[in-house]
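Everything numeric here is computed off the predicted structure, so don't read it as measured data. Along the sequence shown, residues carry numbers from 1.
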Amino acid sequence: MGDAVVSGDAIPVDLVMKLISEMQGLRADFARHTATAPSSSGIAAAIAAEIGPNLFTASEIIRRAESRPGPLRIALAANLRQVNARALGKALARLQGKVSGGFSAVRMGEEAAGVIWRVVEMEVEP
């Protein structure tokens with residue numbers, strides 16, 4: 001086999017084949033990740049595991065996730081387009097009044113720091 005020619009420069013065929021193989025691997029990894037990515041209920045479950053039934057603001061959760069790696073940070077990154085308090089607050093608002101993955105978000109009130117939330121575990125009816 002000869003070399004590939006791009007704009008007058010020859011690229012070795014073995015390099016091209018290696019790049020193609022790497023792209024195929026990346027695509028397969030991406031497909032596996034998106035197929036198994038947790039739903040937005042993953043956020044509620046991760047928050048519940050991290051802080052239990054305690055009250056919180058979205059900003060507090062973001063600060064906590066940024067301060068150390070772990071399931072909370074992973075769940076936020078997997079479920080939010082941007083990992084910030086505003087995006088988390090919107091996700092929690094969407095979960096409010098719904099049971100998803102056995103959890104629901106409950107808006108408890110507001111304070112100067114923002115909306116106060118609690119994540120509660122809900123029974124799922126068969």
Nearest 0.5 angstrom please: [X] [atom1] to [Y] [atom2], how far?
X	Y	atom1	atom2	value
Gln82	Ile62	CD	CD1	11.0 Å
Leu88	Asn79	CG	CG	10.0 Å
Phe56	Arg63	CZ	CZ	13.0 Å

Under the rule for side chain to side chain contact (heavy atoms under 4.5 Å, CB included), what residues qualify as partners of [X], not counting sequence neighbours?
X	result
Lys18	Glu22
Arg68	Glu50, Arg64
Ala49	none

Open item on the list: Tell me the closest heavy-atom pair linking Ser59 and Ala85, and the distance in Å.
Closed with: OG-CB, 3.5 Å
Task: Exam field: side chain Asn54 to backbone Ile51, donor-acceptor pair closer than 3.5 Å - done: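 Looks like yes, one N/O pair under 3.5 Å.
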Open item on the list: Test your reading of the model: is there a side-chain donor-acceptor pair from Glu60 to the backbone of Thr57, 3.5 Å cut-off?
Closed with: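 Checked: pair present.
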TODO: Taking the side chain as every heavy atom from C-beta outward, state whether Leu80 and Ile43 have any pair of such atoms under 4.5 Å apart.
DONE: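 They are in contact (side-chain heavy atoms under 4.5 Å apart), so the answer is yes.
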Task: Close side-chain approach of Val119 to Leu95, heavy-atom, < 4.5 Å - done: no
Task: Ile61 and Leu92: CA distance, side-chain angles, deciding distance, side-chain contact (heavy atoms from CB on, under 4.5 Å) verdict - done: CA-CA 12 Å; Ile61 296 300; Leu92 291 169; over 6 Å; no
Open item on the list: According to side-chain hydrogen bond (donor to acceptor under 3.5 Å, both in side chains), does anything in residues 102-119 pair up with another residue at least two apart or in another chain? List the pairs.
Closed with: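 Sorted pair list: Arg107-Glu110.
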Open item on the list: Filter on salt bridge (charged side-chain N to carboxylate O under 4.0 Å, His left out), then keep only pairs touching residues 75-92, sequence neighbours left out; what's left?
Closed with: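 Non-adjacent pairs meeting salt bridge (charged side-chain N to carboxylate O under 4.0 Å, His left out): zero.
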